Amino acid sequence: MGDAAEPWVLHVDLDEFIAAVEVLRRPELAGLPVIVGGRGDPTERAVVSTASYAARTYGIGSGMPLKLAARKAPPDAVFLPVDAPTYEAASEQVMAALRDLGVVVEVLGWDEAFLGVTTEDPEAFARRAQEAVLASTRLHCTVGIGDNKVRAKIATGFGKPRGIFRLTADNWVEVMGERPVIDLWGVGAKVSKRLAAHGITTVDQLAAAPREVLVAEFGPRMGVWYGDLGRGLGPAVVDDSPWIARGHSRETTYQHNLTTPEQVTAAVRELAAQVADDAAREGRPVFRVTLKVRYAPFVTKVVGRKLPEPTRDPGAVVAAALALTDRLEPGREVRLLGVRAELVMPEAGDPAERTPVRGRL
DNA sequence: TCTGGGGTCCTAGGACCC
DNA sequence: TCTGGGGTCCTAGGACCC
């Protein structure tokens, strides 16, 4: 193995993060099936944010409706409400521990980060990262090692839990070649189906697919991107510049459908006021407002409008959201409402520089 | 089973302009 | 006289991720 220091991408991913944070403050929950989601009431409309490994053995996982999780859960299962501020704080601690290693840290979410590391022994560095996180937070993590972000991210899955796995051009085909395309980061159920219609089901087949076929099916950017994904190709630059959101949104699924226009108006007003607040706190003007509605049983529409000119006035944001309610279909029961504000970027970067990526590679 | 909330980016089509 | 070609802006819809 390498004697020379080389650049590596490490992907650090906390193990059962949210459940683990909950167990930290309630040690008596250790080893139990812990399910965190919504307000912690499994009779409500909500989904599982994280299930502990013990809960996963019952087939409970992220994204599953709480009602269904309750049916699968054993009697000793514990349902807890999502406590975002606490996870935020734990996440900050994790990221701080990683930054203390003296490397570039690109935060991907509460429980994930890429590290840009130049080292002759990435496994040793990965162990150091795990130890640092554990010492600082008592949380365990898995580290994927790659020669780019795609491979590092996918490598993590093979290291779970608490492990380390290396995935590079050298072992890509051996490790991933026979696997279904849906195992790739950025390929979901829909794309997987569309690929299957072209006889493409494995990573090897995707890698070998003619570019024209993929471009014809998915367009010039995504087609090329999927082809690269099949070969494990992707960006390797880890960027720690601060994240600037393009917009902010607030949405609510109502426990009971809204049935009257008055209810809808009041709800939109409330959501829009929150969004206007979020925007105001950043001091950035809003240039577009969108209204999302989910009609019963589960039909989602989004309507939006660019404002005549960008505004910092919260009242204008609320007014724009309310104006959009004219475009809702009258008489339909509403399950969810959401308002989103798009914000003027401080310094619009060159769009040609953008990489087409899912999940912010 | 009955489906959260907060994000990102891409694509397609129509309008408009030269 | 059966129909340009390109570019940009805007909106809606779709897909994916944590």
Side-chain angles (χ1 to χ4, degrees), chain A residues 11 13-14 16-18 36-50 59-73 81-82 84 87-88 91 107-113 149-150 153-154 156 181-182 184-195 215-226 229 243-255 271 274-275 278 287-294 296-308 324 327 335-343 345 351 354-361:
Chain A
H11 178 253
D13 194 308
L14 279 287
E16 51 176 2
F17 176 65
I18 290 175
V36 184
R39 296 191 284 198
D41 179 347
T43 68
E44 290 194 342
R45 288 176 172 173
V47 299
V48 176
S49 289
T50 298
I60 298 168
S62 303
M64 175 179 290
L66 239 41
K67 283 177 187 168
L68 175 56
R71 240 168 276 139
K72 292 174 172 275
V82 173
Y87 314 142
E88 201 99 44
S91 176
V107 177
L108 277 190
W110 276 344
D111 63 343
E112 277 182 54
K149 288 175 166 177
V150 167
K153 167 79 184 178
I154 294 172
T156 303
V181 291
I182 202 164
L184 295 167
W185 187 36
V187 175
K190 298 297 169 79
V191 168
S192 169
K193 274 225 171 67
R194 284 168 74 181
L195 286 168
V215 167
E217 178 65 36
F218 298 106
R221 292 179 81 91
M222 297 315 290
V224 171
W225 168 252
Y226 290 132
L229 216 45
W243 175 249
I244 300 167
R246 299 191 172 266
H248 291 298
S249 65
R250 295 290 186 122
E251 65 182 60
T252 304
T253 293
Y254 300 98
Q255 289 305 319
L271 292 165
Q274 289 176 356
V275 166
D278 296 337
F287 72 92
R288 190 180 157 76
V289 174
T290 60
L291 176 65
K292 173 170 164 182
V293 57
R294 183 123 70 209
F298 205 79
V299 182
T300 308
K301 304 272 183 201
V302 178
V303 294
R305 203 169 52 157
K306 190 173 192 273
L307 302 179
L324 289 169
R327 296 205 247 153
R335 177 192 171 94
L336 167 150
L337 287 171
V339 174
R340 174 175 168 81
E342 284 170 58
L343 307 177
M345 291 302 274
R354 278 199 321 241
T355 333
V357 242
R358 319 237 80 136
R360 280 167 53 196
L361 262 191

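Residue numbers start from 1 in every chain, and the chains themselves are labelled A, B, ... in the order their sequence lines are given, proteins ahead of strands. Since the model is a prediction, treat every value here as computed from it, not as a measurement.
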(message) So A:Gly247, base contact, sugar-phosphate only, or nothing? Heavy-atom distance under 4.0 Å.
(response) sugar-phosphate
(message) Using whole Å, what does the distance between atom P of nucleotide B:dG5 and atom CG of A:Leu291 come to?
(response) 15 Å
Taking only N/O atoms, report every protein-nucleotides 6-12 of chain C pair under 3.5 Å with atom names and distance.
{"residue": "C:dC10", "atom": "OP1", "partner": "A:Lys306", "partner atom": "NZ", "Å": "3.1"}
{"residue": "C:dT11", "atom": "OP1", "partner": "A:Lys306", "partner atom": "N", "Å": "3.0"}
{"residue": "C:dT11", "atom": "OP2", "partner": "A:Arg288", "partner atom": "NH1", "Å": "2.3"}
{"residue": "C:dT11", "atom": "OP2", "partner": "A:Lys306", "partner atom": "N", "Å": "3.4"}
{"residue": "C:dA12", "atom": "OP1", "partner": "A:Arg327", "partner atom": "NH1", "Å": "2.6"}
{"residue": "C:dA12", "atom": "OP2", "partner": "A:Gly304", "partner atom": "N", "Å": "2.7"}
{"residue": "C:dA12", "atom": "OP2", "partner": "A:Gly304", "partner atom": "O", "Å": "3.2"}

(message) Both A:Ile244 and A:Gly219 contact DNA chain B. Taking the nearest nucleotide for each, which residue is further toward the 5' end?
(response) A:Ile244
(message) Quick test of your reading: applying salt bridge (charged side-chain N to carboxylate O under 4.0 Å, His left out), list the pairs with at least one residue in residues 40-50 of chain A, sequence neighbours left out, ordered by first then second residue.
(response) A:Arg39-A:Glu44
(request) Taking only the side-chain heavy atoms of A:Lys190 (C-beta and beyond), determine which of C:dA15, C:dC18, B:dT1 contains the nearest atom. (result) C:dA15
(request) Report the distance from atom CD1 of A:Ile60 to atom C1' of B:dT1, rounded to the nearest whole Å. (result) 12 Å
(request) Measure from CZ on A:Arg294 to C1' on C:dG13 and round the result to the nearest Å. (result) 14 Å
(request) Give a yes or no on whether the backbone of A:Gly304 and the side-chain of A:Arg327 come within a donor-acceptor separation of less than 3.5 Å. (result) yes
(request) Quick one: list whatever passes side-chain contact (heavy atoms from CB on, under 4.5 Å) with A:Pro42, sequence neighbours left out. (result) A:Ala70, A:Phe79
(message) Any base atoms under 4.0 Å from A:Ala69, or only sugar-phosphate, or nothing? Heavy atoms, all strands.
(response) nothing
(request) Report the residue (A:Gly63 or A:Asp278) whose heavy-atom-nearest nucleotide on DNA chain B is the more 5′ of the two. (result) A:Gly63
(message) For B:dG4 and A:Thr252 - does any side-chain N or O of the residue sit under 4.0 Å from the phosphate oxygens OP1/OP2?
(response) no
(message) Please identify which of these residues, A:Val187, A:Val215, A:Leu195, A:Leu184, meets the side chain to side chain contact (heavy atoms under 4.5 Å, CB included) condition with A:Tyr226.
(response) A:Val187
(message) In this structure, how many angstroms lie between the C1' atom of B:dG4 and the CZ atom of A:Arg45, rounded?
(response) 12 Å
(message) In whole Å, I'd like the distance from the CZ atom of A:Phe298 to the P atom of B:dC2.
(response) 13 Å
(request) Tell me, please, which residues at least two apart from A:Ala296 pass side-chain contact (heavy atoms from CB on, under 4.5 Å). (result) A:Asn257, A:Glu333
(request) Report the distance from atom OH of A:Tyr254 to atom C1' of B:dT3, rounded to the nearest whole Å. (result) 17 Å
(message) Taking C:dT3 as the reference, what is the distance to B:dC17 when you measure between their P atoms (whole Å, please)?
(response) 24 Å
(message) Classify A:Arg194 by what it touches in the nucleic acid, base, sugar-phosphate, or nothing, heavy-atom distance under 4.0 Å.
(response) nothing
(message) B:dT3, OP1 or OP2 - any side-chain N/O from A:Arg335 closer than 4.0 Å?
(response) yes
(request) Look at A:Lys72 and B:dT1 and indicate whether a side-chain polar atom (N or O) is within less than 4.0 Å of OP1 or OP2. (result) no
(request) Flag as yes if A:Trp185 stacks onto the base of C:dC17 (centroids under 5.5 Å, planes under 30°), otherwise no. (result) no
(request) Pick base, sugar-phosphate or nothing for A:Leu336, based on heavy-atom distances below 4.0 Å to the nucleic acid. (result) sugar-phosphate
(request) Under the side-chain contact (heavy atoms from CB on, under 4.5 Å) rule, collect the residues that match up with A:Ser49, sequence neighbours excluded. (result) A:Ile18, A:Val82
(request) Output all residues satisfying side chain to side chain donor-acceptor pair (under 3.5 Å) with A:Thr300, sequence neighbours left out; order by chain, then residue number. (result) A:Arg294
(request) Please state how far atom CG in A:Leu66 lies from atom P in B:dG4, giving the value in whole angstrom units. (result) 11 Å
(request) Would you mind classifying the nucleic acid contact of A:Val187 as base, sugar-phosphate or nothing, using non-hydrogen atoms under 4.0 angstrom? (result) sugar-phosphate
(message) Could you tell me if the side chain of A:Thr252 sits less than 4.5 Å from the side chain of A:Leu271, heavy atoms only?
(response) yes
(message) Do A:Leu324 and A:Arg305 make a side-chain contact, defined as non-hydrogen atoms from C-beta onward lying under 4.5 Å apart?
(response) yes
(request) Sequence neighbours left out, what passes side chain to side chain donor-acceptor pair (under 3.5 Å) with A:Arg335? Give chain and number order. (result) none
(message) If a pair means Watson-Crick or G-U wobble with both distances below 3.5 Å, what does DNA chain C look like in dot-bracket form, with | marking bases paired to a different strand?
(response) ....||||||||||||||
(message) Checking A:Glu342 now: which residues fulfil side-chain contact (heavy atoms from CB on, under 4.5 Å) with it, not counting sequence neighbours?
(response) A:Phe287, A:Arg288, A:Thr290, A:Arg340
(message) On the nucleotide B:dT1, are OP1 or OP2 found under 4.0 Å from the side-chain N or O atoms that A:Lys67 carries?
(response) no
(request) Could you check how far CG of A:Leu108 sits from C1' of C:dC17, rounded to whole Å? (result) 10 Å
